[in-house]
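Single-structure report; data block below.
Below, chains carry the letters A, B, ... as their sequence lines are ordered, and counting in each starts from 1. Side-chain atoms are counted along with the backbone in the values below, which use heavy atoms only and exclude waters and symmetry mates.
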There are 2 protein chains.
Amino acid sequence: MTDVLSDRDERPGRRAGGTGPKGEAISSAARRLFLRDGYERTSVDAIAAEAGVSKRTIYNRYGDKENLFLSVLKESSSTMLTVFDRIAEAHLADITDVQQDLTEFARDVAFSLIRSPERIELIRLMMSEAPYFPALLREQMRPQTMTGIISRALARLGDAGLLRITDPTEAADHLSALTFGQINNKTWFGAIQVSDADVDRMVTAGVATFVRAYRPS
Amino acid sequence: MTDVLSDRDERPGRRAGGTGPKGEAISSAARRLFLRDGYERTSVDAIAAEAGVSKRTIYNRYGDKENLFLSVLKESSSTMLTVFDRIAEAHLADITDVQQDLTEFARDVAFSLIRSPERIELIRLMMSEAPYFPALLREQMRPQTMTGIISRALARLGDAGLLRITDPTEAADHLSALTFGQINNKTWFGAIQVSDADVDRMVTAGVATFVRAYRPS
DNA sequence: GTCTATAAAAAGATAGAC
DNA sequence: GTCTATCTTTTTATAGAC
């Protein structure tokens, strides 16, 4: 899976929106509509109606539609990274059974993607709009936090002799491709629904293939 | 990689556009602009200007913007599947060295994706617009031709004892994920440029991991 | 079949009062 | 800070002549 999750560069004092009673309503409404309809199909009028505020309030707070959009994506991806981080910490901190623990980790992440519309839809939206908002691509260029977390865990497993890891980053890419990547492709990043059983099967098979390829000889 | 490539259901007599001198100019201009700017950001005025025809001609031929869009995507994905099929036929017909032949196959496909803007951009566009055009999702639901081609080749390798294949479709998904899937994720489906060397490295490593996981014991 | 001209609606952004 | 009302531009689609 790609690393759409980065929340550095947060300057707390300089933050637009989100403050005040109406701030939460605006960003929440914008998030719902942008994730559902995309950037161009979502009008500021619709966001104002959904949030129960006037359009002028939105422009006063955010300046223009583009800034509102980027602000919402930044907030959302920050939340998503936090969720991923917590799941990773719970499963990858100390591993006893490699295959079982990696499978449970990947399954938890996968279900957190599939079950909440706010997750996989966010990735789809960022990918769709990336060419038209260079700021999104700059975010993407940062040290890749999701791959980073996984690769550090795999490096530890390599040091412990539980896996044969020569390039931890490459191994993390392969594990991601065989699990989250498969799901993203199969669902068209959320456009097509898949059953929980399918997700479970894909994740289990993906981790099994990964472990077969990286087991110590 | 996902199977965005299907060209069945072609009813040659009933085809809109593409016929006549202006027909080619319209579909070609529409393809360029839709692939570059997406659906909503591309106006029919811009397509008419790019094609050198009047807007009325477009509406007479295609009815509305949506039909023009779907027609262009259908034509483009059909071309893309043909290209993929030819590459697969050239590399997978008879395989002697599994790792080398699979690597060359994946590399050829990958470069045909990366080098031509019409390829990977098409996948990105279809994925971006899929939720808003159910017809695109129905196309996607068809027997998956790309996975099908790969899985049949892998099944032959399994029968020949060169790989240990129990589920050919699953193996094909894993090979795709480790090669094309990795590239698509890394490039954000064409939004980010990668060097030829990076593509080569990813494909080589992906196939190596695949072969390690599926080699006969 | 092809063109010029136009209708009709939507959307981003702003003026000015409270 | 918030609201109603408005401006301006863009866009899809059509009318009607040649």
Side-chain angles (χ1 to χ4, degrees), chain A residues 13-73 125 128-129 131-136, chain B residues 13-73 125 128-129 131-136:
Chain A
R14 192 63 195 80
R15 198 178 200 170
T19 59
K22 303 295 178 63
E24 207 59 44
I26 293 173
S27 67
S28 169
R31 185 172 58 249
R32 272 195 305 278
L33 294 185
F34 280 138
L35 287 175
R36 194 189 65 191
D37 300 332
Y39 181 78
E40 288 290 340
R41 289 180 174 86
T42 300
S43 70
V44 180
D45 292 85
I47 295 171
E50 177 92 358
V53 300
S54 88
K55 192 161 54 167
R56 195 70 181 89
T57 302
I58 294 180
Y59 278 99
N60 279 340
R61 280 177 174 270
Y62 289 91
D64 59 8
K65 184 184 177 182
E66 174 171 344
N67 188 50
L68 170 60
F69 180 66
L70 293 175
S71 169
V72 160
L73 285 191
L125 179 59
S128 297
E129 300 296 340
Y132 317 111
F133 297 96
L136 286 179
Chain B
R14 194 60 196 80
R15 198 176 198 170
T19 59
K22 304 293 180 62
E24 208 59 44
I26 294 173
S27 68
S28 168
R31 186 172 56 248
R32 271 196 304 279
L33 295 185
F34 279 138
L35 286 175
R36 194 189 63 189
D37 300 331
Y39 180 78
E40 288 290 338
R41 288 181 175 85
T42 299
S43 70
V44 180
D45 291 86
I47 295 172
E50 177 93 357
V53 301
S54 89
K55 193 163 50 168
R56 194 70 183 88
T57 302
I58 295 179
Y59 277 101
N60 279 341
R61 280 179 175 270
Y62 289 91
D64 60 9
K65 184 184 176 182
E66 176 170 342
N67 188 51
L68 170 60
F69 180 66
L70 293 176
S71 169
V72 161
L73 285 191
L125 179 59
S128 296
E129 301 296 341
Y132 316 112
F133 297 96
L136 286 179

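- Across the interface with DNA chain C, nearest-nucleotide mapping of A:R41 and B:G52 shows B:G52 to be the residue nearer the 5′ end.
- Atom P of nucleotide D:dA5 and atom OH of A:Y59 are separated by 18 Å, given to the nearest angstrom.
- Note: A:F69 and A:F133 have tilted aromatic rings, judged against thresholds of 30 and 60 degrees for the angle between ring planes.
- Atom-to-atom, CD of A:E40 to C1' of D:dT12 comes out at 15 Å; the value is rounded to the nearest Å.
- Here the P atom of nucleotide C:dA13 and the CD1 atom of A:I47 are 11 Å apart, to the nearest Å.
- Between the side chain of A:T42 and the backbone N or O of A:L33, at least one donor-acceptor pair lies under 3.5 Å.
- When distances run from any side-chain atom of A:D45 to the nucleotides D:dC3, C:dT14, C:dA11, the shortest one goes to C:dA11.
- The bend of the helix from C:dG1-D:dC18 to C:dC18-D:dG1, defined by the angle between the axes of its first five and last five pairs, stands at 10° to the nearest 10°.
- As a whole-Å value, the separation of A:I58 CD1 from D:dT4 C1' is 15 Å.
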Close N/O contacts between protein and nucleotides 7-10 of chain C (under 3.5 Å):
none

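- Side chain of A:S54, nearest nucleotide from D:dT4, D:dT11, D:dT14: D:dT4.
- Dashed line: the shortest gap from a side-chain N or O of A:R61 to OP1 or OP2 of D:dT2 is under 4.0 Å.
- Considering every non-hydrogen atom in both A:A135 and A:L70, the closest pair reads CB-CD1, 4.1 Å.
- The shortest heavy-atom contact between A:Y39 and A:L125 is N-CD1, 4.3 Å.
- Of the candidates B:R32, B:R36, B:K55, B:E50 forms a salt bridge (charged side-chain N to carboxylate O under 4.0 Å, His left out) with just one, namely B:R32.
- Rounding to whole angstrom units, CZ of residue B:F69 and C1' of D:dT12 are separated by 16 Å.
- Contact record, B:I47 with B:A29: O-CB, 3.9 Å, taken as the closest heavy-atom pair.
- Relative to the ring axis of B:F34, B:K65 does not place its NZ or CZ within 45° and under 6.0 Å from the centre.
- Rounding to whole angstrom units, CG of residue B:L68 and P of D:dT11 are separated by 16 Å.
- Summarising the geometry, atom CG belonging to A:L68 is positioned 9.5 Å from atom CG belonging to A:L73; distances are rounded to the nearest 0.5 Å.
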What nitrogen or oxygen pairs link the protein and nucleotides 16-18 of chain D at under 3.5 Å?
none

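- For B:D64, counting side-chain heavy atoms from C-beta on, the closest listed nucleotide (D:dT12, D:dA13, D:dT2) is D:dA13.
- Annotation for B:V72 and B:A30: closest pair CG2-CB, 3.8 Å, computed over non-hydrogen atoms.
- When every heavy atom of A:G38 is checked against every heavy atom of B:Y132, the shortest pair comes out as N-OH, 3.3 Å.
- Atom OH in B:Y62 sits about 12 Å away from atom P in C:dG1, given to the nearest Å.
- The minimum heavy-atom distance linking B:A51 with B:A25 is given by the pair CB-O, 3.5 Å.
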